[in-house]
Amino acid sequence: MVSLIHAELRKLLGLPTAWIGLVLGLVAAPALAVLNAPAARRAVADGLVSDPSDLGFQDLGIGLLGAMILGVVAVSSEFTPTGDDIPGARQLTATLLAAPRRTRLLAAKAAALSLVVAAQGLGTAVATLVLTEQMHGTLVPAPQPARVLAAVLYWTLLGLLAWAITLLARNGMITLTVLIVNSSVVSLSYLLTKVTPWAAYLPDIVGAHMFLRGIDVPVRIPPVTAGLVMTAWVAALIAIATLTFHRRDA
């Protein structure tokens, strides 16, 4: 199993698109923290920020695009045609020849993705929060280690969520477009919270409660409960995607 995870790590890190996700995730959040610093200082001084401890953590949102890209390309690369000389041939065919036990293969892929995304999330969170503390000083309390770990867990779970959805859809472009639009343009989950408070338990909204305090939704969810609910969402989607992969993909 260790050698299979190592092979999947090499495969993932050998994808050019994966490096786009890595760089975007590592750079975007710290850059946003620097750009937002003047406006954030004025907002804190004027009492417009409900919880100053959220500063820095809020900026991590843009970096999550990197985690989603990694989750998508880890699967979509398997369904990409290998060349015009062999119509219909995909990387997945060679992968299954090398690792025919499908559940074991998917477990290795999920483990490799989790390692990369968790490392990316930890590096991004630390860099962003250190910059935030340096720029705001005593205006922002020092981040609690538990909140940092919760943010990294959310980062990892979101990458796995993108991975499971892509495995179901077998189309990276559609999955990535939907995820990016939902997370950066207009959040359907957030809009639904205006209709029903139960929408606060959708994965992207409930997961943020693990480390953010001032979320503008009608329900307040304890961090541990939020983590359990989001983990349940991801586990359910992975289970459905695994069952579908066994039945559908050759």
Open item on the list: Within the supplied structure, the quantity of interest is the number of heavy atoms (other residues, nucleotides, ligands) at a distance under 6.0 Å from R220 CZ; does it exceed 12?
Closed with: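 Enclosed.
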
Open item on the list: Main chain of L22, side chain of Q120: is a donor-acceptor contact present, judged purely on distance under 3.5 Å?
Closed with: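 Answer holds: yes.
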
Open item on the list: Determine whether a donor-acceptor pair (N or O, by modelled atom type, separation under 3.5 Å) exists between the side chain of W233 and the backbone of Y201.
Closed with: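 Yes; judged by distance alone, with no hydrogens or angles, the pair exists.
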
[atom2] on [Y] to [atom1] on [X], rounded to 0.5 Å:
{"X": "L122", "Y": "L149", "atom1": "CG", "atom2": "CG", "value": "7.5 Å"}
{"X": "D204", "Y": "L161", "atom1": "CG", "atom2": "CG", "value": "8.0 Å"}
{"X": "R170", "Y": "L168", "atom1": "CZ", "atom2": "CG", "value": "10.5 Å"}
{"X": "L106", "Y": "L167", "atom1": "CG", "atom2": "CG", "value": "6.0 Å"}
{"X": "S76", "Y": "I174", "atom1": "OG", "atom2": "CD1", "value": "11.5 Å"}

Would you indicate whether the side-chain heavy atoms of [Y] and [X] approach each other to under 4.5 Å?
{"X": "L157", "Y": "L153", "value": "yes"}
{"X": "Q58", "Y": "N36", "value": "no"}
{"X": "M68", "Y": "L65", "value": "yes"}
{"X": "V116", "Y": "L13", "value": "yes"}
{"X": "V217", "Y": "I205", "value": "yes"}
{"X": "M230", "Y": "L158", "value": "yes"}
{"X": "T124", "Y": "P30", "value": "yes"}
{"X": "P38", "Y": "M135", "value": "no"}

Open item on the list: Checking A150 now: which residues fulfil side chain to side chain contact (heavy atoms under 4.5 Å, CB included) with it, not counting sequence neighbours?
Closed with: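 A150 satisfies side chain to side chain contact (heavy atoms under 4.5 Å, CB included) with M210, F211 only.
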
Open item on the list: For a side-chain contact (heavy atoms from CB on, under 4.5 Å) check, start with the C-alpha distance between R102 and T242, then their side-chain angles and the critical distance, and finish with the verdict.
Closed with: CA-CA 8 Å; R102 297 188 176 207; T242 299; over 6 Å; no

In this structure, would [X] and [Y] fall into the same cluster of hydrophobic residues linked by side-chain contacts under 4.5 Å?
{"X": "I240", "Y": "L113", "answer": "yes"}
{"X": "V117", "Y": "I165", "answer": "yes"}
{"X": "V152", "Y": "V126", "answer": "yes"}
{"X": "I180", "Y": "W155", "answer": "yes"}
{"X": "L70", "Y": "V27", "answer": "no"}

Could you pull out the closest heavy-atom pair between [X] and [Y], with the gap in Å?
{"X": "L12", "Y": "A112", "value": "CD2-O, 4.5 Å"}
{"X": "P203", "Y": "Y154", "value": "O-CE1, 4.2 Å"}
{"X": "A169", "Y": "T175", "value": "CB-OG1, 3.7 Å"}
{"X": "F57", "Y": "L212", "value": "CB-CD2, 3.6 Å"}
{"X": "T128", "Y": "G56", "value": "CG2-O, 3.5 Å"}
{"X": "T193", "Y": "A200", "value": "CG2-N, 3.7 Å"}

- [ ] Before giving the answer on side-chain contact (heavy atoms from CB on, under 4.5 Å), spell out for L60 and L64 the whole-Å C-alpha distance, their side-chain angles and the decisive distance to 0.1 Å.
- [x] CA-CA 7 Å; L60 294 176; L64 289 167; 5.6 Å; no

TODO: Would you kindly say whether H246 and T103 are connected by a side-chain donor-acceptor distance under 3.5 Å?
DONE: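 On atom types as modelled, these side chains qualify, holding a pair under 3.5 Å.
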
- [ ] May I ask you to decide whether E78 forms a salt bridge with K109, counting only side-chain N to carboxylate O separations under 4.0 Å?
- [x]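 A salt bridge is present here (some side-chain N lies under 4.0 Å from a carboxylate O).
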
Task: Derivation and outcome, side-chain contact (heavy atoms from CB on, under 4.5 Å), residues L160 and S114 - done: CA-CA 7 Å; L160 288 171; S114 297; 3.6 Å; yes

Task: Stepwise side-chain contact (heavy atoms from CB on, under 4.5 Å) check, L176 with T166 - done: CA-CA 8 Å; L176 193 57; T166 308; over 6 Å; no

